[in-house]
Peer 1: 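Got a structure here, written out as structure tokens. Questions coming.
Order of appearance sets the numbers: ligands from 1, and atoms from 1 within every ligand.
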Amino acid sequence: MTTPALLPLSGRRIPTLSPGAASFPHHRATLRLSEKFILLLILSAFITLCFGAFFFLPDNSKHKRFDLGLEDVLIPHIEAPKGAKHPGGQVVIHGQGGHDEHRHREEEESLRDKIRVDHERALQEAKEKLRKSRDELRAEIQTEKSKVVEDLKKKKEVPKPLPPVPMPKVVGVNDGDPVEPDVKEKRDKIREMMKHAWDSYRQYGWGHNELKPLAKKGHSTNIFGNSQMGATIVDALDSLYMMGLHDEFKDGQEWIEQNLDFSVNAEVSVFEVNIRFTGGLLAAYYLSGQEVFKVKAVQLAEKLLPAFNTPTGIPWAMVNLKSGVGRNWGWASAGSSILAEFGTLHMEFVHLTYLTGNPAYYQKVMHIRKLLAKMDRPNGLYPNYLNPRTGRWGQHHTSVGGLGDSFYEYLLKAWLMSDKTDTEARKTYDDAIEAIERHLIRKSNGGLTFIGEWKNGHLERKMGHLTCFAGGMFALGADGSPDDKAGHYLQLGAEIAHTCHESYDRTVLKLGPEAFKFDSGLEAVAVRQNEKYYILRPEVIETYWYMWRFTHDPKYRQWGWEAAQAIDKYCRVSGGFSGVKDVYSSNPTYDDVQQSFFLAETLKYLYLLFSSDDLMPLESWVFNTEAHPLPVLHLANLTLPGSQAQR
Ligand code: DMJ
């Protein structure tokens, strides 16, 4: 059975079919346009009849108002002027007596006239429509539709105005030319590698997230929700800028202006998108001063906020950018969120609050910190898994590599980025590192310092490539460490750098494996086949750069150069750079992926390693975990909302 229902279209009401019609598709199919208008006519007549009956029946003054008591709830309590209309269209009538009776009659009369005129006009319009040909009607509907779409687009395009905030002093954004010609030559080579990676992506993968350098086409993974968001462009921008590749930077900026849209039905990793996109856009904004990057960063951040809608405020690992629905990785212990993911939002979110004046970003990340501070920590260690529904730890697995790494990094960097005022972050970092040193850091039989992983009550004597970033972190945190242990932490950084260099040096390709062991006579070598790959990761080179900045020991430039040469020799192909599947094989196969972090991090750290120290000085810039530099906020007299770290 099909009963007519009313649906609004551009302020008018047209008859359409009730949902029940769905079970009779042939009815819908056979209902032609002209028949729809006949229905419209019948319906209009029906409405006229109803209104007529209502207003023309005797003694209708009894029906002046429906008084069900709901209006008081639904309509705001504002005393309306006499004769004024409520939003529902009813006239509010006050007073009694003969004079009022007379006025009521007049008002009703004028209302009846108005209804008559309206319905006559509606009937006239319907008649005119029926006179039009089907094509004319179609064209009219089409024009109306396009107008609605256009209006919607216009509404969407209007960027939200952001409050003007003082731009932090941008220090050390210069060419960083090294004095020594041989160093300059090396740096030129790194720039050439960057150009090859970028140009290849530009040619074969433009707009896709990443590149398949052998297949010479676009590539993506589930962290980007299989939506084309140009991850490589956003991730590479600040490297291009620092390297003076300004035409390429402009190209990237243009793509972002015209194509980067976060209102897409894509389920993305909150962590990955935050460190690569929010971080990349913010860094590009601070370096170039181009507003578009700030606006896009804020647009993205708004889409990430629904991820925090969990019972505890610990965000989901993934969020759908369109619907805002979040969930966790299926593989994570007991439906948990991951420490390195929800713990690696702080830097970007503090900057978002600074730039927008919206305290929400800051409050979300501070809430995470406060919640963690209240929790018991087994042996003072932070497990990698935390259930966002119950607020309880999942499996007791602690690591300074995958799943844990950048949580510790962001504690230290929160302190540095706050101009060393966020002492709560520094204390949390110091306590965590102390527990890590006690329980996870060991010396191998061959004298190599390594960081193992804590798994269900025992230490696994294995270290990941990802863990190698910690050498740089220890060096960066040396200054300001408690009990004047600066020398100790710088030394620890040097030892980790040495171990990680060994993991490179003990391979055939001179590139490091994904994970390496210190067990059963093994020293810094991978055992399992699925741990022998190198996917253009930056962590070892990152540590070389920090160690270089703090010690100026030439061996770090030497080690960095070895890695750069190996990458150029074994990972370079005509369509870009690819990861390799086995660093112990002289005949390696490629994984056919040019990761976006290769341009964001690996090549940037190499470039900085061969630049002078006045390019991006560490007193003024803090690099996020994807190597995107964010300026230190010297908020001398300013306190972010909710902050305890006041000066
Ligand atoms: C990068 O995306 C970031 O450095 C992240 O913190 C860890 N892994 C990759 C690179 O290996």
Peer 1: Does S596 use its side chain to pair, donor to acceptor, with the backbone of E210 at less than 3.5 Å?
Peer 2: no

Peer 1: Report yes or no: does R187 contribute a side-chain atom to a donor-acceptor pair with the main-chain N or O of G176 at less than 3.5 Å?
Peer 2: yes

Peer 1: Taking heavy atoms and a distance under 4.0 Å, where does H465 meet ligand 1: side chain, backbone, both or neither?
Peer 2: neither

Peer 1: Starting from atom 6 (O) of ligand 1, which protein heavy atom do you reach first, and at what distance in Å?
Peer 2: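 Nearest protein contact, heavy atoms only, for atom 6 (O) of ligand 1 is T625 OG1, 2.8 Å.
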
Peer 1: Which of the numbered atoms in ligand 1 are under 4.0 angstrom from any heavy atom belonging to P538?
Peer 2: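 Close to P538: 10 (C), 11 (O).
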
Peer 1: Closer than 4.0 Å to some heavy atom of R276 - which atoms of ligand 1 meet that?
Peer 2: 2 (O)

Peer 1: Which protein non-hydrogen atom lies closest to atom 2 (O) of ligand 1, naming both residue and atom, and how far is it?
Peer 2: E626 OE1, 2.5 Å

Peer 1: For ligand 1, which atoms, with element, lie under 4.0 Å from some heavy atom of R537?
Peer 2: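 By the 4.0 Å cutoff, the relevant atoms are 8 (N), 10 (C), 11 (O).
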
Peer 1: Between Q595 and ligand 1, which part of the residue brings a heavy atom under 4.0 Å of the ligand: side chain, backbone, both or neither?
Peer 2: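 Neither part.
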
Peer 1: Of all the heavy-atom pairs spanning R202 and D251, show the shortest one and how long it is.
Peer 2: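 That would be NE-OD2, 2.7 Å.
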
Peer 1: Below 4.0 angstrom, N of the basic side chain to O of the carboxylate: do D431 and R377 qualify?
Peer 2: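 Salt bridge flag = no for R377 with D431.
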
Peer 1: Give the ring-plane orientation class for F518 versus F450, where under 30° counts as parallel, over 60° as perpendicular and anything between as tilted.
Peer 2: parallel

Peer 1: Taking 4.0 Å as the limit for heavy-atom contacts, which would you say applies to L466 with ligand 1: side chain only, backbone only, both, or neither?
Peer 2: side chain

Peer 1: Quick check: does E601 get an N/O under 3.5 Å from an N/O on ligand 1?
Peer 2: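 N/O-N/O distance below 3.5 Å exists for this pair.
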
Peer 1: Looking only at distance, does S406 have an N or O less than 3.5 Å from an N or O of ligand 1?
Peer 2: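 Min N/O separation from ligand 1 is not below 3.5 Å for S406.
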
Peer 1: Mind listing the closest non-hydrogen atom pair of P383 and Q395 along with its distance?
Peer 2: CB-O, 3.9 Å

Peer 1: Pick one of side chain, backbone, both or neither for how A627 approaches ligand 1, counting any non-hydrogen atom pair under 4.0 Å.
Peer 2: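 Neither part.
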
Peer 1: Of the choices F469, F271, F597, which has the non-hydrogen atom that lies closest to atom 9 (C) of ligand 1?
Peer 2: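 Looking at heavy atoms only, F597 sits closest to atom 9 (C) of ligand 1.
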
Peer 1: How far is atom 10 (C) of ligand 1 from the closest protein heavy atom, and which atom is that?
Peer 2: E539 OE2, 3.2 Å

Peer 1: I need the minimum non-hydrogen distance between V632 and P168, along with the two atoms involved.
Peer 2: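 In this case the closest contact between V632 and P168 is O-CB, 4.4 Å.
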
Peer 1: Can you confirm whether the side chains of Y556 and H501 place a donor and an acceptor under 3.5 Å from each other?
Peer 2: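 No.
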
Peer 1: With respect to H351, which candidate in Y286, Y361, Y362 satisfies the side-chain hydrogen bond (donor to acceptor under 3.5 Å, both in side chains) definition?
Peer 2: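 Single side-chain hydrogen bond (donor to acceptor under 3.5 Å, both in side chains) partner of H351 among Y286, Y361, Y362: Y286.
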
